[in-house]
Amino acid sequence: MTAMIDSHDDECNYENGNDNNLVGMNMHVVFNDIEKSVTDEEKHLDDEREKQFQENNDCCYDQEDLDQLETNGEGNNPSPIENKLKIKKSLLEFRCKVEDSILGNYLLGEPHENISEGEIGLAREKLRDITLWGVPLLPSKAHEGTDIVLRKFLKTKDYKVNDAFDMLQKTMIWRIENNIDGIMDEEFDFENAGFLKGKDREGRPVCYHVRGFFRDKHVYKVAFGTQEKRDMFFRWGIQLMEKAIKKLSLREGGVDSIVQIYDLRNTPAQGMKELHSISKKTIILFQNYYPEIIHKSIVVYSPFWFFTSQILFSKLMSQRNKKRFILARPQNTTETLLKVIAPEHLPVEYGGLRRENDDEFSAAEKVGEIKIKANTVSRVEFPVIESGVTITWDVTVVGWEVSYKEEFIPDDEGSYIVLLQNQNRIGDSTRNSFYINEPGKVVITVANATFNKKKMFYRFKSRTTIPMFLLLS
């Protein structure tokens, strides 16, 4: 290990890069004219970084890392142990390179000329505090999120340290040039075109992009009629991404990526070239400046014309991002989304159980599931052992196209069975409630006459209720 560390120290003493122009952070950022020799203080920092790295070396890779290295191998078929060592070695080298670029004042490119000593000192101090997505980039600060952020750049560049550093450098320059850290203070009027709602099964935030919002020609013209408005929409997309990142937990074991849903329902094939152009620019921008932030992108309710245009559209994406792009056929929308998002977090308009401003249920309440085989009938019962309560239930069947019946069956055989609903359902999630004045059970019967298996998700709750006629009497 000692020999490996020495080689990393040599790697960190490379000459300053000169590919990028320096960008000021409301100041000039400069090179340190002093030779980049390793001082006793820097050696101490390196020792501390290496000690911390050794303590956490089991957390610096995951199975996706190893699979990616095997996929991109050059025919030498390295063992898993060799891949793990490569990951750890790359991360250590990258940390050292980032540390030196910050302490040496060249993370953001080349310096301006004719800079005073005071500006040099100010630049040095501010660069030490530089952050990305709220996480300090200086490894010697020992922030728990620094390695998480650095690994994202390494992973997207297949653990090639120089390429990862170049990407990080360009990302920071782009953010400063475009005031991305201040974009949250800007106001836009596109909240119905995209929003954050719920989370996936692993706790990742889910961001919905509703392209049908622009189907009205007047709304579309207002949004994209001038270059200034098109630029505003482009920046709004960046702001939405930054809002999603604020919901992440950039630390070991935390949620560090998001899921995107693109809803193309009611999107016309023609007359939206400005929107398509901005969408392409956004894909490229997210690839270049938000590495490994998007876990999956799922397109739902895509019209036929989108399948043909997807061949050209996919050329804009890297091979790595193509694997994370899912195109769901309209009839498979709910089934596809439920593989990623639990029903209690999936909005009702996509076949889930989540409703806005829901006073009845919360996402924390348990959801039951039953499988309905082809050409069979399944039942679920909600028992009620006391009278004077109102029972409320949610039901959704993946794919629907079933016969659906709701009824209340009293425990007393002398009482009447109450039919609440009986119909063929082919559409949305359903919610119903019933006031019960005697013990019994609500029975939901689903008849699947198709040749395909179905899944039904449901939940219910009861609460004591005083009937309105008693309050008025």
Side-chain angles (χ1 to χ4, degrees), residues 1 4-5 8 11-12 46 48-73 78 80-102 107 130-172 175 202-205 241 244-259 286-296 318-321 323-324:
M1 178 63 74
M4 184 177 71
I5 297 171
H8 295 162
E11 175 69 20
C12 290
D46 288 341
E48 290 295 320
R49 294 200 306 268
E50 173 62 12
K51 180 180 178 181
Q52 180 190 3
F53 183 80
Q54 288 179 335
E55 291 174 350
N56 296 284
N57 57 12
D58 290 336
C59 298
C60 70
Y61 54 84
D62 54 30
Q63 190 58 47
E64 186 179 357
D65 296 332
L66 301 178
D67 294 342
Q68 185 66 21
L69 286 175
E70 291 178 3
T71 302
N72 295 316
I81 295 178
E82 290 174 326
N83 283 335
K84 291 178 182 180
L85 289 175
K86 178 179 179 180
I87 293 171
K88 291 193 288 185
K89 180 176 182 292
S90 297
L91 179 57
L92 186 58
E93 289 181 2
F94 193 31
R95 292 175 63 185
C96 188
K97 196 163 188 173
V98 172
E99 180 94 12
D100 282 357
S101 69
I102 293 175
L107 174 64
I130 194 168
T131 63
L132 176 58
W133 306 323
V135 175
L137 287 181
L138 188 64
S140 59
K141 285 182 176 289
H143 189 279
E144 60 181 348
T146 302
D147 282 357
I148 303 300
V149 171
L150 296 184
R151 274 213 317 266
K152 289 183 176 296
F153 288 87
L154 278 173
K155 186 183 289 188
T156 201
K157 292 299 182 181
D158 299 325
Y159 295 92
K160 297 174 183 176
V161 175
N162 289 336
D163 291 347
F165 180 79
D166 181 63
M167 187 180 192
L168 174 63
Q169 196 174 48
K170 290 178 178 178
T171 296
M172 299 311 299
R175 292 182 68 87
E202 303 298 326
R204 301 180 185 90
M241 171 63 83
I245 291 176
K246 286 187 176 296
K247 292 181 174 291
L248 301 181
S249 178
L250 297 172
R251 57 178 176 80
E252 290 293 349
V255 174
D256 63 355
S257 58
I258 71 170
V259 172
F286 287 169
Q287 283 187 160
N288 291 341
Y289 303 129
Y290 293 91
E292 300 297 317
I293 290 294
I294 300 174
H295 176 69
K296 288 187 183 300
S318 65
Q319 190 63 34
R320 187 179 185 90
N321 286 333
K323 296 179 180 179
R324 299 179 177 181

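None of the values given here were measured: they were computed from a predicted structure.
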Side-chain heavy atoms of [X] within contact of [Y], under 4.5 Å:
| X | Y | value |
| --- | --- | --- |
| Val98 | Pro139 | yes |
| Glu99 | Phe94 | no |
| Pro291 | Lys155 | no |
| Asp163 | Met167 | no |
| Val259 | Ile294 | no |

Which residues share a side-chain hydrogen bond (donor to acceptor under 3.5 Å, both in side chains) with [X], sequence neighbours left out:
| X | answer |
| --- | --- |
| Thr171 | none |
| Tyr290 | Glu242 |
| Thr131 | none |

Any chance you could measure [X], atom [atom1], to [Y], atom [atom2], to the nearest 0.5 Å?
| X | Y | atom1 | atom2 | value |
| --- | --- | --- | --- | --- |
| Arg175 | Trp133 | CZ | CH2 | 7.5 Å |
| Leu150 | Ser90 | CG | OG | 12.0 Å |
| Asp147 | Lys152 | CG | NZ | 12.5 Å |
| Leu154 | Leu168 | CG | CG | 9.5 Å |

### Partners passing side chain to side chain contact (heavy atoms under 4.5 Å, CB included) against Lys247 (at least two apart in sequence or in another chain)
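Testing Lys247 for side chain to side chain contact (heavy atoms under 4.5 Å, CB included), a comparison that skips the adjacent residues, returns Leu196, Pro205.
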### Message
Can you list everything that forms a side chain to side chain contact (heavy atoms under 4.5 Å, CB included) with Asn288? Sequence neighbours excluded, please.
### Response
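For Asn288 the side chain to side chain contact (heavy atoms under 4.5 Å, CB included) partners, ignoring immediate neighbours, are Ile284.
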### Query
Are Lys157 and Asp166 ion-paired here, with the side-chain N under 4.0 Å from a carboxylate O?
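A salt bridge is absent here (no side-chain N lies under 4.0 Å from a carboxylate O).
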### Query
When you check the gap from the basic side-chain N to the acidic O, do Lys97 and Glu93 get nearer than 4.0 Å?
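Answer for the salt bridge query: no.
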### Task
Would you please test Glu292 and Ser257 for side chain to side chain donor-acceptor pair (under 3.5 Å) and show each step?
CA-CA 7 Å; Glu292 300 297 317; Ser257 58; over 6 Å; no
### Task
Let me see the working for Ile102 and Leu137 under side-chain contact (heavy atoms from CB on, under 4.5 Å), right down to the final yes or no.
CA-CA 8 Å; Ile102 293 175; Leu137 287 181; 4.0 Å; yes
### Message
Among Leu250, Ile245, Val149, exactly one meets side chain to side chain contact (heavy atoms under 4.5 Å, CB included) together with Asp256. Which residue is that?
### Response
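Among Leu250, Ile245, Val149, the one that satisfies the side chain to side chain contact (heavy atoms under 4.5 Å, CB included) with Asp256 is Leu250.
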What are the two closest non-hydrogen atoms of [X] and [Y], and how far apart are they?
| X | Y | answer |
| --- | --- | --- |
| Gly134 | Pro136 | O-CD, 4.0 Å |
| Tyr289 | Lys170 | CE2-O, 3.8 Å |
| Arg151 | Leu91 | CG-CD1, 4.0 Å |

### Task
Check whether any side-chain N or O of Glu144 sits under 3.5 Å from a backbone N or O of Glu252 as a donor-acceptor pair, and report yes or no.
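Flag not set: sc Glu144 to bb Glu252 has no pair under 3.5 Å.
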### Message
For Met241 and Ile258: C-alpha separation, side-chain torsions, deciding distance, then whether side-chain contact (heavy atoms from CB on, under 4.5 Å) applies.
### Response
CA-CA 9 Å; Met241 171 63 83; Ile258 71 170; 3.9 Å; yes
### Task
Please identify each residue that fulfils salt bridge (charged side-chain N to carboxylate O under 4.0 Å, His left out) with Lys296, with sequence neighbours left out.
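Partners of Lys296 under the salt bridge (charged side-chain N to carboxylate O under 4.0 Å, His left out) test: none.
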